[in-house]
Structure formats: structure tokens, C-alpha cells
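The structure appears below as C-alpha cells.
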Amino acid sequence: MQNREERDLYTCEKSRLDENLMEAVELGENEKVQVFNNTDGAVLETYAIAGGSGVICLTGAAARRAQPGDVVIIIAYASVENDMAQEFTPAVAVHDRQNCIQQMLSSEPASTTLE
């Protein structure tokens, strides 16, 4: 059985994402996202809700697919017309272990994990 402090690390009122992150990558409230857990290989779909600074928090069934400290990739997709697809530039935010944006990229290189 976990003590109360450990349990509190795994719970929050609602799933939410850092508002600065959402703004930086133009992710809308309630927009569908996929979450890839690089630590254990889990993949899930959920939706984005803005929350406190530095927060990446999953609740409900999604919370069973990640633990504090896991490295995750959050992806949102866009549908664009063919002529716009050639000009489309994704927004990639690379974070440190405290969920602070360290780099903004316009494409995803083979490795975007900061050590």
C-alpha cells in the first residue's frame, strides 16, 4: 500500500497540460491527443485540458498508463488540404525533466529527448 504522499503524486483533479505548452504548440482546449509513453511503451488517446504551470497530468483510465517521471510524447494531428501540406510546419516542444520548454523545433529529428 502506498502512503498518502505517494498516492497524491498520481492523482489530480482532472487530466491537464501546462498552459504555456498548449499555447506554444497551438493546442486547443479539448483537442484530441495521443500520448506515447517512452518509458513503458503504452499508447493512449485522450484530450487536452489546460492546467497549471509545468503540469502534465493524466487521470481516469489514462492515469493507469503513466507514472510520475515517465518520459512521454504528446501528439496532436492536423488535417490540411494537399496544397497546404507542403507548407505545413509542425510545432515541436522539447521539455526538460521539470516539464519546462527547452527548445521549439519546426520538425522532429530522429531523437528529441534531452538528457
Scanning both residues in full, the closest heavy-atom pair of Ala48 with Gly28 reads CB-O, 3.9 Å
Closest non-hydrogen contact found for Asp40 with Arg65 is OD2-O, 3.9 Å
Is the closest side-chain heavy-atom distance between Glu29 and Ile49 below 4.5 Å? yes
Has Glu45 got a side-chain atom pairing as donor or acceptor with Val33's backbone, closer than 3.5 angstrom? no
Distance (rounded to the nearest 0.5 Å) between Asp96 CG and Ile101 CD1: 10.0 Å
Taking the side chain as every heavy atom from C-beta outward, state whether Leu21 and Leu27 have any atom pair closer than 4.5 Å. no
Non-hydrogen side-chain atoms of Val35 and Thr46 separated by less than 4.5 Å: yes
Evaluation steps, side-chain contact (heavy atoms from CB on, under 4.5 Å), between Asn99 and Val55: CA-CA 7 Å; Asn99 294 330; Val55 171; over 6 Å; no
Is the shortest side-chain heavy-atom distance between Arg16 and Leu58 below 4.5 Å? no
Can you find a pair of side-chain heavy atoms, one from Gln34 and one from Tyr77, that are under 4.5 Å apart? yes
Show your reasoning for whether side-chain contact (heavy atoms from CB on, under 4.5 Å) applies to Val25 and Met104. CA-CA 9 Å; Val25 298; Met104 287 299 299; 4.1 Å; yes
With the side chain counted from C-beta on, respond yes when Phe36 and Ile75 share a heavy-atom pair under 4.5 Å apart, and no when they do not. yes
Which residues satisfy the side chain to side chain donor-acceptor pair (under 3.5 Å) test with Glu31, sequence neighbours excluded? none
Only pairs at least two apart or in different chains count here, so list each side chain to side chain donor-acceptor pair (under 3.5 Å) that has a residue in residues 81-91. none
Would you say the side chain of Val71 lies within less than 4.5 Å of the side chain of Arg97, judging by non-hydrogen atoms? yes
Separation between NE2 (His95) and CG (Asp18), nearest 0.5 Å, reads 6.0 Å
Might you point out which heavy atoms bring Pro90 and Ser107 nearest each other, and give the distance in Å? CG-CA, 4.2 Å
Please name all residues satisfying side chain to side chain donor-acceptor pair (under 3.5 Å) with Glu23, sequence neighbours left out, ordered by chain then number. none
Main-chain N/O of Gly41 paired to Asn37 side chain as donor or acceptor, under 3.5 Å: no
